[in-house]
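Here's the structure we're looking at; comments come further down.
Reminder, nothing fancy here: chain letters follow the sequence lines and each chain counts from 1. Note that the structure is a prediction, hence the values are computed from the model and not measured.
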Protein chains: 2
Amino acid sequence: MSEGKIRNMEEFAAVSGLSRPTVSKYFHDPASVRPSTRARIEAALEKHDYRPNIFAMNQNRKLTKNVGIVVPYLADPFFAEIARNLEQRCIAAGYRPTLYSAHGDPALENDILDSLRSLKPAGVLLAPLGRVSDLRAIEKFCADVPTVLFDSMVDVAGLTFVGSDNPQFATLIVNYLCRTGEPPCFFEMKTPSNPNANKRRLGYIQAMERLGQTPHVIRAEGEGWNFEEIGRRGGARALAEGQVRTDTVLCSNDRLAIGFLTACYEAGLRVGHGDRCALRVAGQDDHPFSRYACPPLTTVAQDYEAISRLAVETLFRVIAGDAPAGQSTLFEGRLVMRDSA
Amino acid sequence: MSEGKIRNMEEFAAVSGLSRPTVSKYFHDPASVRPSTRARIEAALEKHDYRPNIFAMNQNRKLTKNVGIVVPYLADPFFAEIARNLEQRCIAAGYRPTLYSAHGDPALENDILDSLRSLKPAGVLLAPLGRVSDLRAIEKFCADVPTVLFDSMVDVAGLTFVGSDNPQFATLIVNYLCRTGEPPCFFEMKTPSNPNANKRRLGYIQAMERLGQTPHVIRAEGEGWNFEEIGRRGGARALAEGQVRTDTVLCSNDRLAIGFLTACYEAGLRVGHGDRCALRVAGQDDHPFSRYACPPLTTVAQDYEAISRLAVETLFRVIAGDAPAGQSTLFEGRLVMRDSA
DNA sequence: TCAAAAACTTTTCGCGCGTAAAAATAAATT
DNA sequence: AATTTATTTTTACGCGCGAAAAGTTTTTGA
């Protein structure tokens, strides 16, 4: 690149031999100018590496190219993974994603929505905290800003949602477990932070009843997002108190299951579907680390790809204005058979 | 809050009975105005919930309140956890952190630094990718923007760094392992993405030699950030080919160790320090999930708290101008004894 | 009580860009 | 070649705020 530092769009327009409004138009949408003009701008861009001031741009634009991605807890690899996916799709579409984590705190979730407003985002991809979310705040936010919810469906009508068909998850794995061994009991958190948990429990109960089995639910104490620890403690207690009256345990999610596996290890119980094993354990989600649990965890995989793809596509359609807002799309889970069950 | 919508600082200054520059000064630093004035502004703030336009603010401020946090791979819970920690400390200090992940891609790392520049951040907390980073780009960036590096020290003089004393990590765990059983071999990636790995290997070799033992390094093939899979494959191969000639394996990091544990499970080897165990396995980092491995992983804990605290403190001192730039601070590791070794 | 210091107000300017309307130019069509 | 249509230029204004300078009020301290 040449030397003479370009200070603003005026100077850049000068060196490319065009007027500032034309250059401005180019940056707004490169396809909106004549190809020959575009070529001249891009040639000048090569030589001078000018970039429009992002603050001045966003100050006057009615619609920015900002996209907010909000997850409830980023230290959960599930959300880290799906956030990564969403982020890259937004970048590919020419948007500027910004990632936020509520860190499990509803007050922080509200703060994020607040500061997101002032960023005038074109749209927001939001996975709410769930049970503890401030539903009215979310509803109000969605009314103001084009938003697609994912992962966790909150109980507010008229919102656009992309996620998994949780009852189907439970049905799928219950059928598999019953087909290959004893019917499972269900292990979950007493106060799950996520409404998906309730749907999974109901799915489990219905699936069991359809098969003529008696459902049995075990509930672990504990608040917060340290699911492994809750699973370990609750699992240890359930095992010690004899609450587990079958040799098969279906956990509400993989992180809980990983904690339960630790409890089994500590209790000296061998987990798996072999002859010498005392217990079968299954999870739900196909968490990134489930494959490396010992034994590797049998689970129902969420379709990360499909969810993130559709969430982003839907958001851009809502932004463009050609989408029927308020639709829900649910993806089915896929059975992932490993050693644990 | 009352109705009359406040459109800008002018109007807000009017309703609070002050002049705009005074209000502007308040938002820049609430303590810079007289307490009585501050009270009036905050009273008006209660009633009208006005917030300054963030774009207009940052456009003219020489120094914004933005802080960039850049990590190499956010789907690694280690980075997710430390990012969370850093983020909350920045917020507490009145800054606006923005989180970025390079997703293991050096090109993306450069893009992030580029777009970070245009955000005029007050400072940046940067954990570089390491080996594959564009060192010249990082050096140039650090010269332009107050930056504190953490986790991974790149080989550029004069940069401020906060991290762990990696040789000490290796020494600590080698001494422990030798004291309680056979001397360990060292299991690492052939082409580690992170320079810490090299320091840990050297630390291992020196610690072994000091104890009069012969070091033995096993190296797993594989690129990228899927450390568990690399550890599993490499571990399976090392076990199958008889490369592991001692009953104790020290892994370069916990994620690799978790993969190695999976390889052991698949090979039917019982891991732990009991009589009936075939192998002891140890890691380094105290990864959030190591406690829930089966068996729970013995490891050396990084001092997340201390690192993130000092990194943020140092950054703010650099920003304030009263810090000797170019200093490195290394924290010692703490031995965490669990069942695996 | 009075002068000095501190805090505040007013005035004025500018940042870098979006946007709109009218005028000028170029390209496409007949 | 004349007309229509698409682009670009010109001109002008505004966004919401930061910053500096000069004047005014309030507080401080001896």
Side-chain angles (χ1 to χ4, degrees), chain A residues 4-45 48-66 94 96 115 117-122, chain B residues 4-45 48-66 94 96 115 117-122:
Chain A
K5 286 286 161 59
I6 305 294
R7 304 209 148 279
N8 53 36
M9 197 180 279
E10 193 77 55
E11 290 185 20
F12 179 73
V15 299
S16 39
L18 296 166
S19 71
R20 186 176 64 77
T22 304
V23 173
S24 170
K25 205 176 174 195
Y26 165 84
F27 281 112
H28 187 69
D29 175 11
S32 70
V33 301
R34 201 187 305 154
S36 63
T37 309
R38 178 173 180 172
R40 284 168 73 184
I41 293 179
E42 284 168 354
L45 226 40
H48 297 90
D49 90 329
Y50 158 77
R51 301 176 66 170
N53 180 306
I54 198 168
F55 300 113
M57 272 182 62
N58 288 335
Q59 178 173 18
N60 297 318
R61 251 214 261 278
K62 21 191 89 160
L63 217 57
T64 70
K65 285 281 188 179
N66 298 330
R96 292 177 47 92
S115 67
R117 254 180 232 276
S118 60
L119 284 182
K120 298 194 224 166
Chain B
K5 287 284 161 59
I6 305 294
R7 303 209 149 276
N8 53 35
M9 198 180 278
E10 194 76 55
E11 290 185 20
F12 179 73
V15 300
S16 38
L18 297 166
S19 73
R20 185 176 66 76
T22 304
V23 173
S24 170
K25 205 175 174 196
Y26 165 84
F27 280 112
H28 187 69
D29 175 11
S32 70
V33 300
R34 202 186 305 156
S36 64
T37 309
R38 179 172 179 172
R40 284 168 73 184
I41 294 179
E42 283 168 355
L45 225 40
H48 297 91
D49 88 331
Y50 157 78
R51 300 177 65 171
N53 180 307
I54 198 166
F55 300 113
M57 272 181 62
N58 289 334
Q59 178 174 18
N60 298 317
R61 250 214 263 277
K62 24 191 82 159
L63 218 56
T64 69
K65 285 284 189 178
N66 297 330
R96 291 178 48 92
S115 67
R117 256 180 231 275
S118 60
L119 284 181
K120 298 194 225 166

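- Per the geometry, CG belonging to B:Asp29 stands 16 Å off P belonging to C:dA6, to the nearest Å.
- Nucleic acid contact for A:Thr22: base, since at least one base atom lies under 4.0 Å from a heavy atom of the residue.
- Going from atom NZ of A:Lys65 over to atom P of C:dG18 covers 13 Å, rounded to whole Å.
- When heavy atoms are screened at a 4.0 angstrom cut-off, B:Tyr50 is found touching the sugar-phosphate backbone but no base atom.
- The side chain to side chain contact (heavy atoms under 4.5 Å, CB included) check on A:Ser19 picks up A:Pro21, A:Thr22, with sequence neighbours excluded.
- Between A:Ser36 and A:Arg7, the residue anchored closer to the 5' end of DNA chain C is A:Arg7, taking for each the nucleotide with the nearest heavy atom.
- The nearest heavy atom of DNA chain C to A:Asn8 and to B:Pro21 marks one nucleotide each, and the one closer to the 5' end goes with B:Pro21.
- For A:Asn60 against C:dC17, a side-chain N or O and a base N or O form a donor-acceptor pair under 3.5 Å.
- With hydrogens and angles ignored, the 3.5 Å screen pairs a side-chain donor or acceptor of A:Lys120 with a backbone N or O of A:Asn58.
- Contact annotation: B:Arg34 side-chain N/O to C:dA7 OP1/OP2 distance is not under 4.0 Å.
- Toward the 5' end of DNA chain D, the nearer of the two residues A:Gly17 and B:Arg61, judged by each one's closest nucleotide, is A:Gly17.
- Remark: the backbone N or O of A:Ser118 is not paired with any side-chain donor or acceptor of B:Arg51 at under 3.5 angstrom.
- Contacts of A:Arg34 classified as salt bridge (Lys or Arg N to Asp or Glu O under 4.0 Å), with partners at least two apart in sequence or in another chain: none.
- Between chain A and DNA chain D, the heavy-atom contact criterion of under 4.0 Å yields a 5' to 3' nucleotide range of D:dT7 to D:dG16.
- The residue A:Pro52 sits close only to the backbone: its heavy atoms come under 4.0 Å of sugar-phosphate atoms, none of a base.
- Taking 4.0 angstrom as the limit, A:Ser24 places none of its side-chain polar atoms (N or O) nearer than this to OP1 or OP2 of C:dT19.
- With sequence neighbours excluded, the residues forming a side chain to side chain contact (heavy atoms under 4.5 Å, CB included) with B:Leu45 are B:Phe12, B:Tyr26, B:Phe27, listed by chain and number.
- Taking atom NZ on A:Lys25 and atom P on C:dA21, their separation rounds to 14 Å, with Å as the unit.
- Between A:Asn53 atom CG and C:dC15 atom P the separation is 12 Å, expressed in whole Å.
- Sequence neighbours left out, not one pair with a member in residues 52-61 of chain A passes salt bridge (charged side-chain N to carboxylate O under 4.0 Å, His left out).
- Checked against side chain to side chain donor-acceptor pair (under 3.5 Å), A:Arg117 has the following partners two or more places apart in sequence or in another chain: A:Asp144.
- Straight-line distance from the CZ atom of A:Arg20 to the C1' atom of C:dG16: 8 Å, rounded to whole Å.
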